[in-house]
Engineer: 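Dropping a structure here in structure tokens format, bear with me for questions.
Numbered from 1 within each chain, the chains take letters A, B, ... in sequence-line order.
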Number of protein chains: 4
Amino acid sequence: MTTQKPAGTSRTRRPRAPEGGERTEKGAARRAAILDAALDEFAARGFASARLDDVARRAGVAKGTIYLYFKDKQALFEELVRTNLVPHIAAIEAMPTEGPLRARVEAFAEHFVREVLMTRRADVIRLVLAEGRRFPALAEFHYREVVQRALTALQRLIQIGVERGEIRHEALVRFPQLVMAPIMMGLIWTGLFNRFAPLDVAAMMRAHLDMLFAPGREP
Amino acid sequence: MTTQKPAGTSRTRRPRAPEGGERTEKGAARRAAILDAALDEFAARGFASARLDDVARRAGVAKGTIYLYFKDKQALFEELVRTNLVPHIAAIEAMPTEGPLRARVEAFAEHFVREVLMTRRADVIRLVLAEGRRFPALAEFHYREVVQRALTALQRLIQIGVERGEIRHEALVRFPQLVMAPIMMGLIWTGLFNRFAPLDVAAMMRAHLDMLFAPGREP
Amino acid sequence: MTTQKPAGTSRTRRPRAPEGGERTEKGAARRAAILDAALDEFAARGFASARLDDVARRAGVAKGTIYLYFKDKQALFEELVRTNLVPHIAAIEAMPTEGPLRARVEAFAEHFVREVLMTRRADVIRLVLAEGRRFPALAEFHYREVVQRALTALQRLIQIGVERGEIRHEALVRFPQLVMAPIMMGLIWTGLFNRFAPLDVAAMMRAHLDMLFAPGREP
Amino acid sequence: MTTQKPAGTSRTRRPRAPEGGERTEKGAARRAAILDAALDEFAARGFASARLDDVARRAGVAKGTIYLYFKDKQALFEELVRTNLVPHIAAIEAMPTEGPLRARVEAFAEHFVREVLMTRRADVIRLVLAEGRRFPALAEFHYREVVQRALTALQRLIQIGVERGEIRHEALVRFPQLVMAPIMMGLIWTGLFNRFAPLDVAAMMRAHLDMLFAPGREP
DNA sequence: TATGAATGAGCTTTCATTCAT
DNA sequence: TATGAATGAAAGCTCATTCAT
């Protein structure tokens, strides 16, 4: 006899469209409260160790309520990551490209430091770094909607800088990641080592940009 | 026990707790096999989701045997992280400082890329990044024994470079992290996004060093 | 983004071959104790409402122990049904066919009443009747290994009886179920209505056989 | 609540508890729709596993609405069983007793096969068989209002048949169940085994009646 | 009367840890 | 030293029932 689920018990049927009144005023607020609480718990304990019980308590709802808004723990986690960063990417993409390049890239970096690194959104990125490998779909989403878009925007700026002669290192066009690397380093450092050796990420970033925009040797 | 009680459980030095004949030939081999298997499992699933059952099976021992060599899951995890990187730091610290600085720093970076980034040791670092916050003692150990020592060695090189005039950006002395940032970026990228956009970390690092050592404008 | 289980969490890997020392003396005893307790609980409350907690308590083991011997609740249930009846079918099939048919069939029926109907095995059949529809694999197993084999054995007897002229109703060859019908009726009745109107199933069965073997009108 | 507390909860007569406008046109229609939907769900999944959510959806009402018409899940279930068979018993009791007995009993059986076995009412009986033990009040109701009345009516017919000499097996008076046994067998068989070996219940029943009315040996 | 969001007790299942052998 | 059967605390998830609207 082959293994087989009890016939009448196939629960596939209900798509369990997370409803729970997401459209109503209160529904949306509750959903947001749950996501908010979940960010705290996931950031503090990691995906596997975070308890939905705690998320519920923190959000001020009953445990079952979470399931009115999210299919399961994983869906809650993915939604959390999905909704917190994308909006800011749009802002970054919309940044103007005219004016001195140095100022543009600096604004880009400052925006990132101020609006992400120093907010709870930093935890979202840390979560992606920590759990991304176990959630390939999430890693892919993050790559396409956040990383790629941000890097593409950056690349465009760099390209202009190179054409204008403001940036001498053409390799930056191929490796826009080099611009962001100190910020990622800062994200990690502040998360893990800041209590041993505080790091002024903004200052480090300025030093970094000084290098990028360093006037080259006159030929 | 199911709940992990990582935070604050600083097990600073483990007074050589239960050691299953670490001194005997076979004992040491078994211990190593367990650590090895544990690295695979922890890297693949994360600390909380890795099962000691799987570690045991992979190491070819019985589940109970793990407890002859390690106090508990957390001790196994911390030991794992403790033993895998420190030896390489010594090698890095021992690197010679004479000769052209560019070559020295490049050797430093190449060593890191070849001996860490492209080996299973990269997973150890990824584990520290992912779980470090939940294991303060581990983060502290990693900072003191790996990060700080590597950065200090690097800083010494940079200092020399600045004094000799080979490095123009003096800020690098204050932020030696800037040198390593692309490597960390590479570590993360290869772990998460390589399948979408492969990144040649060594090439990126070379481009990065080109910037660091860029001769400034002659006054 | 498509739904997708966390990568490292694919639990498919372990076939979870129920081991738990089933081969050892004690292992087999424990397994039997669990099956025994499960029969009581499933019979009393039905599959869905039976609690593994109660099964464990009744079997004198911890809850987790059940999972050393059975994959999950359903596997326990199916195993229970699988192991309790088949052995008796062999006995029935082995019944001799020589001698007066009436005696043979009566022995067949008596065996069934005594060894099944009046024992806890009756509950196994009641469970199949009650839950079979929701466990198609189980229904199929029960049909092939119990019902079909028993009816085939019966049919052979009837065939002989018809050939010898001891049974006048040839339709019985086509509907051997008619022989068993009162026994099934008795099984149901004793399970549900006996407290309102006790039914002497053995006597009823004898009356039934009187009809089956009734000598026809002499022409 | 998750635990069902069926046994002993004899809710003998329900003092017309919460009735959601059963008298109004729409109220009665809604109540009927709920009962109808409930039959489907209970038949498919069993009492414990059926979800009121699904019943509500199938009935086209909100979940809470069910509670306007029925006290709780159990009351809905019992009401369902109570209302579906009793009306047909009246029809059976009213069947005329004059004319050849064979025709009378055959009509009785045919009515049962056609009006119960081949309709959704068969599922109601299957539900009683499957769940009756856990709902003593229900079993008792079913016994008094269905089983006993049907058997009494049958017994009366048999009595007449015996007196008229149309039925030779006087034991049938004591065991009217023997007449119905093949129908119960058919009910079970069609529910569980029909896909493996289709059973023509009507034909089987005719063969059965042939035996019952078999003219005995002339003395 | 009708709704459906919200609740929370209760269930199955997992797995780190122990301990008799 | 080594084993692996046994344990039992936890945690994710479900669903009957309630109640504000």
Side-chain angles (χ1 to χ4, degrees), chain A residues 11 14 16 19-22 24 26-27 30 48-56 61-74 76, chain B residues 1-4 18-21 24 26-27 30 48-56 61-69 71-74 76, chain C residues 11 14 16 19-22 24 26-27 30 48-56 61-74 76, chain D residues 1-4 18-21 24 26-27 30 48-56 61-69 71-74 76:
Chain A
R11 296 277 135 113
R14 284 182 313 154
R16 191 174 259 286
E19 337 173 48
E22 272 167 64
T24 77
K26 213 172 109 219
R30 263 192 137 104
S49 297
R51 287 176 303 208
L52 291 188
D53 228 346
D54 292 338
V55 172
V61 302
K63 212 179 347 174
T65 303
I66 294 176
Y67 290 87
L68 293 176
Y69 293 88
F70 304 95
K71 184 181 155 291
D72 56 16
K73 193 186 185 185
Q74 184 173 342
L76 170 58
Chain B
M1 188 186 60
T2 300
T3 347
Q4 285 71 32
E19 37 177 323
T24 78
K26 212 173 110 209
R30 264 193 142 131
S49 297
R51 280 175 276 128
L52 290 189
D53 225 345
D54 291 337
V55 172
V61 302
K63 214 184 339 176
T65 304
I66 295 176
Y67 287 85
L68 296 176
Y69 293 87
K71 181 179 163 295
D72 57 15
K73 193 185 186 185
Q74 184 171 340
L76 169 59
Chain C
R11 294 279 136 111
R14 284 183 314 152
R16 191 173 258 286
E19 336 173 48
E22 272 167 64
T24 77
K26 211 171 108 220
R30 262 190 139 104
S49 297
R51 286 174 304 204
L52 291 188
D53 227 347
D54 292 338
V55 173
V61 302
K63 219 182 335 176
T65 303
I66 294 176
Y67 289 86
L68 293 176
Y69 293 88
F70 304 95
K71 184 180 157 289
D72 57 15
K73 193 184 185 186
Q74 184 173 343
L76 170 58
Chain D
M1 189 185 61
T2 300
T3 346
Q4 283 72 31
E19 39 179 321
T24 77
K26 210 173 111 211
R30 270 203 133 119
S49 297
R51 280 176 276 128
L52 290 189
D53 224 345
D54 292 336
V55 172
V61 303
K63 213 182 343 173
T65 304
I66 294 176
Y67 287 84
L68 296 175
Y69 293 87
K71 181 179 163 294
D72 56 16
K73 193 186 186 184
Q74 183 171 341
L76 169 58

Engineer: Between A:Lys73 and A:Ala48, which heavy-atom pair has the shortest distance, and what is it?
Structural biologist: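 Nearest heavy atoms, A:Lys73 then A:Ala48: NZ-O, 3.1 Å.
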
Engineer: NZ/C:Lys71 to CG/C:Leu76 distance, rounded to the nearest 0.5 angstrom?
Structural biologist: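 If we round to the nearest 0.5 Å, C:Lys71:NZ and C:Leu76:CG are 12.0 Å apart.
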
Engineer: Please give, in whole Å, the distance from E:dT7 P to A:Tyr69 OH?
Structural biologist: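 Taking atom P of E:dT7 as the reference, OH of A:Tyr69 is at 9 Å.
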
Engineer: May I have the distance from C:Arg51 (atom CZ) to E:dT13 (atom C1'), rounded to whole angstrom?
Structural biologist: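 Distance, rounded to whole Å: 16 Å.
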
Engineer: Of the candidate nucleotides E:dT3, F:dT3, F:dT14, which contains the atom at the shortest distance from the side chain of B:Arg30?
Structural biologist: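 Nearest nucleotide to the side chain: F:dT3.
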
Engineer: Looking at the base of E:dT13, is there any donor atom on it, or on the side chain of C:Lys73, that sits under 3.5 Å from an acceptor on the other one?
Structural biologist: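 When only heavy-atom distances are counted, C:Lys73 does not reach the base of E:dT13 through any donor-acceptor pair under 3.5 Å.
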
Engineer: Does the E:dT17 base have a donor-acceptor partner in the side chain of B:Lys63 within less than 3.5 Å?
Structural biologist: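 Indeed, a donor on one side and an acceptor on the other fall under 3.5 Å apart.
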
Engineer: For the side chain of D:Leu52, counting heavy atoms from C-beta on, which of F:dT17, E:dT14, E:dA6 is nearest?
Structural biologist: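 Of the candidates, F:dT17 comes closest.
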
Engineer: Rounded to whole angstroms, how far apart are CG on C:Asp72 and P on E:dT12?
Structural biologist: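 Interatomic distance, CG of C:Asp72 to P of E:dT12: 11 Å.
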
Engineer: For C:Ala56, report the nucleic acid contact type (base, sugar-phosphate, nothing); a contact means any heavy atom under 4.0 Å.
Structural biologist: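 No contact at all - C:Ala56 keeps every heavy atom at 4.0 Å or more from the nucleic acid.
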
Engineer: NZ of B:Lys26 versus C1' of F:dT1: gap in Å, rounded?
Structural biologist: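 Going from NZ in B:Lys26 over to C1' in F:dT1 covers 8 Å.
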
Engineer: Could you state the CG-C1' distance from C:Leu76 to E:dC11, rounded to the nearest angstrom?
Structural biologist: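 That distance rounds to 15 Å.
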
Engineer: Would you say the side chain of D:Leu52 lies within less than 4.5 Å of the side chain of D:Tyr67, judging by non-hydrogen atoms?
Structural biologist: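 Yes. Closest side-chain heavy atoms under 4.5 Å.
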
Engineer: Pick the nucleotide of DNA chain E nearest each of C:Ala48 and D:Val61; which residue has the one closer to the 5' end?
Structural biologist: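 It is D:Val61, whose closest nucleotide lies nearer the 5' terminus.
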
Engineer: Is F:dG4 paired to anything, Watson-Crick or G-U wobble with both distances less than 3.5 Å, and if yes, which nucleotide?
Structural biologist: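 Base partner found: E:dC19.
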
Engineer: Could you state the interatomic distance from CG (C:Asp53) to CD1 (C:Ile66), rounded to the nearest 0.5 Å?
Structural biologist: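 Interatomic distance, C:Asp53 CG to C:Ile66 CD1, rounded to 0.5 Å: 8.0 Å.
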
Engineer: Counting only Watson-Crick or G-U wobble pairs whose two distances fall under 3.5 Å, which nucleotide matches F:dC13?
Structural biologist: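 Paired with E:dG10.
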
Engineer: Which one, E:dT14, E:dC15, F:dT7, comes nearest to the side chain of C:Tyr67?
Structural biologist: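 Among the listed nucleotides, the one closest to the side chain of C:Tyr67 is E:dT14.
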
Engineer: Would you kindly give the CG-to-C1' distance between A:Asp53 and E:dG10, to the nearest whole Å?
Structural biologist: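 The answer, rounded to whole Å, is 13 Å.
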
Engineer: Side chain of B:Thr65, heavy atoms from C-beta onward: which of E:dA6, F:dA2, F:dA5 has the nearest atom to it?
Structural biologist: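 For the B:Thr65 side chain, the nearest candidate turns out to be F:dA2.
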
Engineer: With nearest nucleotides of DNA chain F determined for B:Gly64 and C:Ile66 from heavy-atom distances, which residue corresponds to the more 5′ nucleotide?
Structural biologist: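 Between the two, 5'-proximity favours B:Gly64.
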
Engineer: Taking the side chain of B:Leu68 as heavy atoms from C-beta outward, which of E:dT7, F:dT1, F:dA16 is closest to it?
Structural biologist: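 Per side-chain heavy atoms of B:Leu68, the pick is F:dT1.
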
